[in-house]
Visitor: 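Before I ask anything, here is the structure I am working with.
The residues of the chain are indexed from 1 along the displayed sequence. All figures in this text were calculated on a predicted structure; none of them were measured in a lab. Every number for a ligand or one of its atoms is a count from 1 in the order of the listing.
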Amino acid sequence: MTPAEIAPKDRLIVGLDLPSVDAAEAMIARLGDSVTFYKIGYRLAYAGGLPLVARLADKGKKVFLDLKLHDIGNTVAQGVESITKLGATFLTVHAYPQTMKGAVEGRGSSSLKILAVTVLTSYNDDDLHAAGFRLGVSELVEARAQQAQVLGIDGLVSSPEEVGALRKIVGHQMSLVTPGIRPAGSASGDQKRIMTPGRAITAGADYLVVGRPVVEATDPRAIADAIQAEIAQALGA
Ligand SMILES: O=c1ccn([C@@H]2O[C@H](COP(=O)(O)O)[C@@H](O)[C@H]2O)c(=O)[nH]1
């Protein structure tokens with residue numbers, strides 16, 4: 001799907017980082033038709049949230065399974081093959097060559113799209129160096145994007161700060177999905193590479209992932225609607 005083909009409303013992916021399936025379902029009901037795309041990550045998946053994928057699909061919503069797999073290639077391939085049956089649109093793996101190769105093998109010809117997490121948005125250059133990496137954020141993101149492209153990965157997760165450089169490398173063949181989104185005035189929390197929704201879209205992001213600023217808001221629907229309006233304005237839609 002080229003960026004022009006993505007419906008503006010589908011570009012906001014709300015992270016259901018909530019403690020239980022009941023809490024997630026209550027949030028989905030509150031957000032109503034403001035949100036069409038949800039992300040299920042560690043917190044909800046390990047609290048029994050995987051069956052929600054099919055329930056959301058039945059309601060016409062899309063699901064991003066943010067499981068960030070990383071293991072030996074064979075294990076990743078087998079795990080991804082199981083995940084293809086859940087009905088999610090996106091699944092994340094860490095952008096290590098063996099992991100990405102296994103994920104593409106496990107995905108096979110299914111409709112599941114594999115996203116490679118380049119460098120977590122809570123990391124800056126100092127964090128990478130402390131973890132033993134020689135490269136800084138921008139160099140590592142770009143190197144991993146090149147490897148992901150060669151291996152047949154469908155999309156990349158990065159901060160919006162890297163989207164311009166990534167587009168030059170991967171063109172429109174891969175989806176660019178960006179967490180680290182903060183509406184003006186909201187707390188950054190542990191995120192270190194952040195941008196507002198409008199600036200991220202203008203920078204060229206295809207999808208914006210927003211968790212806490214929506215699900216911890218007093219009025220989540222009002223915040224989601226404001227983000228959708230900012231996205232539409234940045235797209236000139
Ligand atoms: O590099 C990454 C990859 C994934 N995430 C996930 O996105 C959401 C962001 O939540 P906020 O509350 O809006 O910070 C969260 O589920 C992360 O696990 C990311 O932040 N960065």
Side-chain angles (χ1 to χ4, degrees), residues 11-19 23-24 27-28 31 35 37-47 49-50 52-53 62-70 88-96 99-100 103 113-125 127-128 131 133 136-138 140-142 144-145 148 153-163 166 174-201 203 205-218 220 223-224 226-228 230-231:
R11 290 169 179 266
L12 169 63
I13 303 179
V14 169
L16 289 171
D17 294 328
L18 293 160
M27 182 57 62
I28 293 161
L31 291 169
V35 176
F37 213 148
Y38 286 100
K39 185 175 87 71
I40 296 178
Y42 290 2
R43 193 177 191 192
L44 187 56
Y46 293 137
L50 291 182
L52 252 189
V53 178
K62 294 183 183 185
V63 181
F64 169 6
L65 261 184
D66 189 15
L67 301 182
K68 299 189 189 73
L69 304 183
H70 186 205
T89 298
F90 291 148
L91 168 73
T92 43
V93 301
H94 280 289
Y96 286 79
T99 299
M100 293 192 284
K113 302 289 181 209
I114 307 292
L115 306 179
V117 179
T118 56
V119 173
L120 291 166
T121 51
S122 60
Y123 276 56
N124 60 21
D125 288 347
D127 296 310
L128 280 183
F133 288 90
V137 170
S138 52
L140 189 55
V141 167
E142 290 172 32
R144 287 179 159 177
I153 289 287
D154 304 298
L156 300 166
V157 176
S158 74
S159 94
E161 291 177 7
E162 295 90 44
V163 156
L166 288 180
M174 296 172 87
S175 300
L176 300 183
V177 180
T178 58
I181 301 297
R182 287 292 179 268
S186 55
S188 54
D190 53 353
Q191 299 284 10
K192 291 191 180 148
R193 304 188 337 267
I194 61 171
M195 222 177 250
T196 61
R199 284 190 57 223
I201 290 289
D206 291 319
Y207 297 93
L208 312 184
V209 176
V210 189
R212 288 163 288 187
V214 172
V215 301
E216 292 181 2
T218 313
I223 300 293
I227 295 171
Q228 294 285 20
E230 204 175 320
I231 291 172

Visitor: What atoms of ligand 1 come within less than 4.0 Å of a heavy atom belonging to Arg212?
Guide: 11 (P), 12 (O), 13 (O), 14 (O)
Visitor: What is the nearest protein non-hydrogen atom to atom 17 (C) of ligand 1, stated with its residue, atom name and distance?
Guide: Lys39 NZ, 4.0 Å
Visitor: Counting each atom of ligand 1 from 1 as listed, which ones have a heavy atom of Pro213 under 4.0 Å away?
Guide: 13 (O)
Visitor: Taking the six-membered ring of Tyr123, is NZ or CZ of Lys192 closer than 6.0 Å to its centre and within 45° of its axis?
Guide: no
Visitor: Would you check if the side chain of Asp125 reaches a backbone N or O of Gly136 as a donor-acceptor pair within less than 3.5 Å?
Guide: no
Visitor: Among all the protein's non-hydrogen atoms, which is closest to atom 9 (C) of ligand 1, and how far away is it?
Guide: Gln191 NE2, 3.7 Å
Visitor: What orientation do Tyr96 and His70 show, parallel under 30°, tilted 30 to 60°, or perpendicular over 60°?
Guide: parallel
Visitor: Verify, without hydrogens or angle tests, whether Arg182 (side chain) and Ala187 (backbone) share a donor-acceptor contact under 3.5 angstrom.
Guide: yes
Visitor: Are more than 12 heavy atoms from other residues, nucleotides or ligands located less than 6.0 Å from atom CZ of Arg212?
Guide: yes
Visitor: Report yes or no: does Arg144 contribute a side-chain atom to a donor-acceptor pair with the main-chain N or O of Ala116 at less than 3.5 Å?
Guide: no
Visitor: Checking the N or O distance criterion of under 3.5 Å, is ligand 1 in contact with Val210?
Guide: no
Visitor: Can you tell me the protein heavy atom closest to atom 15 (C) of ligand 1 and the distance?
Guide: Asp17 OD2, 3.4 Å
Visitor: Report the part of Leu120 in contact with ligand 1, treating N, CA, C, O as backbone and CB onward as side chain, heavy atoms under 4.0 Å; options are side chain, backbone, both, neither.
Guide: both
Visitor: Minimum distance, heavy atoms only, to atom 3 (C) of ligand 1: which one of Arg43, His94, Lys68 is it?
Guide: Lys68
Visitor: Provide, to 0.1 Å, the distance between atom 21 (N) of ligand 1 and the closest protein heavy atom, together with that atom's residue and name.
Guide: Thr121 OG1, 2.7 Å
Visitor: Can you find a non-hydrogen atom of Arg182 under 4.0 Å from ligand 1?
Guide: yes
Visitor: Could you tell me how the ring of Phe37 sits relative to the ring of Phe90: parallel (under 30°), tilted (30 to 60°) or perpendicular (over 60°)?
Guide: parallel
Visitor: Please state which part of Asp66 comes within less than 4.0 Å of ligand 1, counting heavy atoms only: side chain, backbone, both or neither.
Guide: side chain
Visitor: Find all atoms of ligand 1 within a distance of less than 4.0 Å from any non-hydrogen atom belonging to Pro179, and give their numbers and elements.
Guide: 2 (C), 3 (C), 4 (C), 5 (N), 7 (O), 19 (C), 20 (O), 21 (N)
Visitor: Under 3.5 Å, is there a donor-acceptor pair between the side chain of Glu162 and the main chain of Ser159?
Guide: yes
